[in-house]
Amino acid sequence: MASEVNLAQLRALVAVADTGGFGAAADELGISQSAVSHAVAALERALGAPVLRRGAPCRPTPLGEQVLPHARTAVASAAAVRTIATRHCGGLTGTVRLAAPTTVCQALLPGLLRDWKAAHPQVTVRVFEGEDAELATWLEAGTVDAAVLVDAGPLPPGAVALGADSMHALLRRDHPLAGQQTVHVGELADDDFLLSEGGCERHIREAYRRAGTRFTPRHRIRDLNTLIGMVHAGVGVSVMPALAVTMLPPECVLVPIRPAVHRTLTLTGPTGRPWSPAVGGLLAGVGAGLVPAAAAPA
């Protein structure tokens, strides 16, 4: 190797891999695009091979894929050292990358972000919206530092149980079932069912399985806002978490389904490595049971 690998080079690699481009990485790091390019080029000279495929977006090469987890660990460790030093001097600082499902981003995170900003003004929280199934992978891979996980298994000390979010039928307000206290999933059979692919499919199928009712979705929709728009337009009905109520237009309503099915939400750091002090500090100030009572299981 022509030279030693340094932290600035690894930080540039992580930033480009996460943002997909040198310009976005420069904005993320607060340096010039030229500085990012020089850092990555120096890393590639030190390693003797390319770590990134230039393009739109930039992607890691096979070598880059192997180096990236170690680069993330090095960058996270350096940030933790800085945070520990700042904390020792009386404050909490750093950047926390937080991932959460769409409904949590809409309903719960705004309040948490407001409280965190007031309590820890030197901590920057960056939010990444994702689907239920991919959040745990992001967390353990080091792509994010903390996440709101759905129906998580064993969790590390310090994880916070936010509560249980029940499944509701999404209907137009003028739908014949909209005025009922609850809706049996079998009653939805007369309408075209719009299935969200954002992560709740297994909960919906569980409700139909327990009801002994055949489940035949007519449309599969990836984006939750698109699904809500289609229900609003009268294309069909759906089932989604109660937390989605903050996303609804006035013409739509959520009604609890029978059999009742819910998902549990937990805010946590990773299980496979130590948490950064910033993550630990933020989670220590979060109380359990943040999911509103209206979103609890019926």
Sequence-distant partners of [X], side-chain contact (heavy atoms from CB on, under 4.5 Å), two or more places apart:
X    : result
N225 : D223, M247
A74  : L7, L10
A8   : N6
H70  : none

Worked check of side chain to side chain contact (heavy atoms under 4.5 Å, CB included) between V5 and L43: CA-CA 6 Å; V5 172; L43 175 62; 3.8 Å; yes
CD1-CD1 distance between I204 and I257, expressed to the nearest 0.5 angstrom: 7.5 Å
Rounding to 0.5 Å, atoms CG (D151) and NE2 (H262) come to a distance of 7.5 Å
Going by salt bridge (charged side-chain N to carboxylate O under 4.0 Å, His left out), name the residues that satisfy it together with R220, two or more places apart in sequence or in a different chain. E197, E201
Residues in salt bridge (charged side-chain N to carboxylate O under 4.0 Å, His left out) contact with D190, at least two apart in sequence or another chain: none
Would you call R263 and D165 a salt bridge, using N to O less than 4.0 angstrom? yes
Output side-chain donor-acceptor pairs under 3.5 Å for residues 19-27, partner residues at least two apart or in another chain, one line each.
{"residue": "T19", "atom": "OG1", "partner": "A15", "partner atom": "O", "Å": "2.8"}
{"residue": "T19", "atom": "OG1", "partner": "G21", "partner atom": "O", "Å": "3.2"}
{"residue": "T19", "atom": "OG1", "partner": "A25", "partner atom": "N", "Å": "3.3"}

Please check if the side chain of [X] supplies one atom and the backbone of [Y] the other of a donor-acceptor pair under 3.5 Å.
X    : Y    : result
R173 : P250 : yes
S238 : L194 : yes
E140 : T271 : yes
T182 : R258 : no
W116 : L282 : yes

Heavy-atom check, side chain of L171 versus side chain of P176, under 4.5 Å: no
How close do W275 and P157 get, counting heavy atoms only, and between which atoms? CH2-O, 3.6 Å
Taking side-chain hydrogen bond (donor to acceptor under 3.5 Å, both in side chains) as the cut-off, I'd like each qualifying pair that reaches into residues 123-133, sequence neighbours left out, listed once. E28-R126, T102-E129, E131-R222
Test of understanding: with ring pair (Phe, Tyr, Trp, His ring centres under 6.0 Å), list the residues that count as partners of F215, not counting sequence neighbours. F193, Y208
Name all residues meeting the side chain to side chain donor-acceptor pair (under 3.5 Å) criterion together with R209; count only those two or more places apart in sequence or in a different chain, and write none if there are none. E206
Return each pair, listed once, that meets salt bridge (Lys or Arg N to Asp or Glu O under 4.0 Å) where at least one residue sits in residues 97-119; pairs must be two or more places apart or across chains. D18-R97, R97-D145
Under the salt bridge (Lys or Arg N to Asp or Glu O under 4.0 Å) rule, what pairs show up with a residue in residues 46-70, not counting sequence neighbours? E44-R54
